Amino acid sequence: MISNFSEVEKSLKRCLKEKVSITAATVVGFLIAGTVAFGGEPTNVEFKTNSEGKVTVKVGEGEGEGTPINEATGFISVDQYKTLAGEEGSLTNLLIVNANKETGEATFASAVDEKGNSLLGKVTAEATTNGALTLIKTDDTYKSIISELTIEATGFDAEKTATAMEAANSGDKVTNAGTITVKDYAVGMVAGAGATAVNSADGKIIVNSATNAVGMSAVTEATKTTTLTNNGKITVTKGTGISVAGNGEAKVTFGAAGKIEVESDASNIGINIAGTGTTTVTGAAITLAGAGKGINAGGNVTLENIELNFGDNATGTGIVYAGGGTEKETNAEISTRDIDVKASGATGIDATMSKVAKSTLNITTGIISTVEGATGIKITGTELGELSGGETPTTATVTTTLGATAGTGVEVAGAKNNTINVTLQDSLTKESSNTVVSGTGVKITGAENGEVIVNVNQENLEVKEGKELVKVENSSAGDVTINTEKAVELL
């Protein structure tokens, strides 16, 4: 009996890979019932880079170094995960890897107990001074990977970064259906040039470090289109929710449930567009809680059907647009739903025109409402030099509807060889009662050899006594034209 007892004890330890403590009571219970049940928390797993640049894995919270993964340098392949999750692997009974070489698809999920509880806890990817680390990455065999895991990524510095998921090659795709937390020098999801990264409706990405932390990143190259899709939730506690860089084309789309919540830190950005190519953002729903920015963009961009939600104490800016440098003309199209700017000091859209002739900036919004001290749309011209033969000024058009305006609806600062056209129109989406302007509807600062045109085509406007629908700060500077096609009632 003792001999049999010892053999059973050894077998249990071997099968369970020392993830739990095997006591005499455990063995007796197994001999009686034929099964073993363990309670407690799920088991956490840590991946790191060691002194040789190899990736190590450590199971549980115990002290000591992790075990090097055979031939894993910088990242762990799907086949290497299959070995880890196999019968003799470190992650047996914790990680489930369903991989199909014929279709090139793989799914990562936690093993569960008989009650459906996850056995695998948090999976940590930590880059060290010894090298960068990517936790889940596509390759030549597995081109589409879905993760249902709970992941935390932490980098070491700007070069030795950590990445939770990466679609490495053109045509590849990674999908997050779990939770990813991003810390210092880390990225939640990367789509390489021509690849796709998707945060699914079940996916959550939490960005929580002011030091180079990004939730989703698109790396673009000329002739390739890189795609980011957010169908879930991105929370920016500190850092950037979505980043676009490179000289190619990027498409950023939001599903019906997709949203970004930008918390109060002033350095926070919902979407940052720094690429020199062309970027299109469609249907983004962004909530600002503080002094951060919803979208920070420059160059050639199209921002379509953007939903900007300002919290009661949000003093930040919904969209910041900078026209670009002096090398070539840029074209920007910005359209939003209604914007209600609820705190003094906040701005719905702050746009600066391009320095290059023939450049265009077109802004169309729903109803813009502002409290005292807030601004709905701010347009700033950029002085151009003398125009050559055939060149036309850089132009901006703003088409909007004033809602309750206690602050400033549209603020315009003209510049030499800029043409800025502002049109106030009736709402295209809803009938509304009369709009009271108790602040300033359109505020204009002209400039020599610059042109500002205001068209008042909105018929439900009421202006309080002593206030102005259109206020011109310096009527002698530049060419300012005001066209009024609708009657405006003075209160």
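Computed over heavy atoms, backbone and side chain alike; hydrogens, waters and symmetry mates excluded. These figures come from a predicted structure and were not determined experimentally.
Summarising the local packing, CG of Asn313 is surrounded by 12 or fewer heavy atoms from other residues, nucleotides or ligands at distances under 6.0 Å. Within a 6.0 Å sphere centred on NZ of Lys122, other residues, nucleotides and ligands contribute 12 heavy atoms or fewer. Annotation: Lys173, atom NZ; neighbour count of heavy atoms from other residues, nucleotides and ligands within 6.0 Å does not exceed 12. By the 6.0 Å contact criterion, CG on Asn483 is enclosed, its count of non-hydrogen atoms from other residues, nucleotides or ligands being greater than 12.
The structure places NZ of Lys54 at 3.5 Å from OG1 of Thr73, a figure rounded to the nearest 0.5 Å. Atom CD1 in Ile377 sits 11.0 Å away from atom CG in Asp350 (nearest 0.5 Å). Note that CD of Glu152 and OG1 of Thr124 are 5.0 Å apart. Values are rounded to the nearest 0.5 Å. Rounding to the nearest 0.5 angstrom, the gap separating the OG1 atom in Thr107 from the CD1 atom in Ile145 is 9.0 Å. Atom CG in Asn421 sits 11.5 Å away from atom CD1 in Ile379 (nearest 0.5 Å). Interatomic distance, NZ of Lys443 versus CD of Glu411, reported as 5.0 Å (0.5 Å rounding).
What you find for Ala164 and Gly188 is that their closest heavy atoms are CB-O, 3.1 Å. Closest heavy-atom contact between Asn362 and Glu333: ND2-OE2, 2.7 Å. Minimum interatomic distance between Thr226 and Ala191 (heavy atoms only, all atoms of both residues): CG2-O, 3.5 Å. Smallest separation of non-hydrogen atoms from Ser170 and Lys224: CB-NZ, 4.3 Å. Smallest separation of non-hydrogen atoms from Ala132 and Glu159: CB-O, 4.1 Å. Minimum interatomic distance between Thr154 and Ala162 (heavy atoms only, all atoms of both residues): O-CB, 3.2 Å.
Judged purely by atom type and a 3.5 angstrom limit, Thr347 has no side-chain atom pairing as donor or acceptor with the backbone of Ile349. In this structure a side-chain-to-backbone donor-acceptor pair under 3.5 Å is present from Gln458 to Leu402. Panel note: side chain Ser147, backbone Leu149; a donor-acceptor pair is recorded below 3.5 Å. Under a 3.5 Å cut-off, the side chain of Asn169 and the backbone N or O of Asp172 do not form any donor-acceptor pair. No donor-acceptor pair under 3.5 Å is formed between the side chain of Asp340 and the backbone N or O of Ile368. With Thr405 contributing its side chain and Gly403 its backbone, the two residues share a donor-acceptor pair below 3.5 Å. Side-chain N or O atoms of Thr370 include one that pairs as donor or acceptor with a backbone N or O of Gly407 at under 3.5 Å. Judged purely by atom type and a 3.5 angstrom limit, Ser200 uses its side chain to pair as donor or acceptor with the backbone of Asp202. Between the Tyr142 side chain and the Thr103 main chain, no donor and acceptor come within less than 3.5 Å of each other. Thr401 places a side-chain N or O within donor-acceptor distance of the main-chain N or O of Gln425, the cut-off being under 3.5 Å.
Taking the ring centroids of Tyr185 and Phe156, they lie at or beyond the 6.0 Å cut-off.
Using a 4.5 Å heavy-atom threshold, the side chains of Asn418 and Leu384 count as touching. With contacts defined as side-chain heavy-atom distances shorter than 4.5 Å, the pair Thr336/Ile319 qualifies. Counting heavy atoms from C-beta on, the side chains of Ile234 and Met216 come closer than 4.5 Å. The shortest distance between side-chain heavy atoms of Tyr321 and Thr352 does not fall below 4.5 Å. Two residues are said to be in side-chain contact when any heavy atoms from C-beta on lie closer than 4.5 Å; Thr399 and Thr365 fail this criterion. Within the 4.5 Å cutoff, the side chain of Glu263 has no heavy atoms near those of the Val236 side chain. Ile151 has its side chain within reach of Leu135: a pair of non-hydrogen atoms, C-beta onward, lies under 4.5 Å apart. Residues Val262 and Ile269 form no side-chain contact, since every pair of their non-hydrogen atoms from C-beta on lies 4.5 Å or further apart.
Under a cutoff of 6.0 Å and an axis angle of 45°, Lys342 and Phe310 do not form a cation-pi pair.
Of the N and O atoms on the side chains of Asn100 and Glu105, not one donor lies less than 3.5 Å from an acceptor on the other residue. Residues Asn130 and Thr128 have side chains that bring a donor and an acceptor to within less than 3.5 angstrom of each other. For the residue pair Ser359 / Thr394, no side-chain donor-acceptor distance below 3.5 Å is found, with atom types taken as modelled. Counting only N and O atoms by type, the side chains of Asn434 and Asn460 include no donor and acceptor under 3.5 Å apart. A donor and an acceptor atom, one from each side chain of Thr163 and Glu166, are nowhere located under 3.5 Å apart. Side chains of Asn449 and Asn417: a donor-acceptor N/O pair is absent below 3.5 angstrom, by distance only.
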Only distances under 3.5 Å count here; give the side-chain donor-acceptor pairs of residues 272-295 to other protein atoms, sequence neighbours excluded, each with its distance to 0.1 Å.
residue	atom	partner	partner atom	Å
Asn272	OD1	Asn296	ND2	2.8
Thr282	OG1	Glu304	OE1	2.9

Please tabulate, for side-chain N and O atoms in residues 238-256, each donor-acceptor pair with protein atoms closer than 3.5 Å (sequence neighbours left out).
residue	atom	partner	partner atom	Å
Asn247	OD1	Ala222	N	3.1
Glu249	OE1	Thr225	OG1	3.0
Thr253	OG1	Thr229	OG1	3.2

Under the side-chain contact (heavy atoms from CB on, under 4.5 Å) criterion, do Val341 and Leu308 qualify, and how do the steps go?
-> CA-CA 9 Å; Val341 189; Leu308 298 173; over 6 Å; no
Any chance you could lay out the side-chain hydrogen bond (donor to acceptor under 3.5 Å, both in side chains) test for Asn300 and Thr330, step after step, and finish with the verdict?
-> CA-CA 5 Å; Asn300 294 298; Thr330 58; 5.1 Å; no
Between Val78 and Val97, does a side-chain contact (heavy atoms from CB on, under 4.5 Å) hold up when you go through it step by step?
-> CA-CA 8 Å; Val78 174; Val97 180; 4.3 Å; yes
Starting from the C-alpha separation in whole Å, work towards a yes-or-no answer on side-chain contact (heavy atoms from CB on, under 4.5 Å) for Phe108 and Ile146.
-> CA-CA 6 Å; Phe108 289 69; Ile146 299 172; over 6 Å; no
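Using a 4.0 Å cut-off between charged side-chain N and carboxylate O, Glu448 and Lys416 make no salt bridge. Under 4.0 Å is where a charged nitrogen must lie from a carboxylate oxygen, and between Arg337 and Glu307 at least one such pair does.
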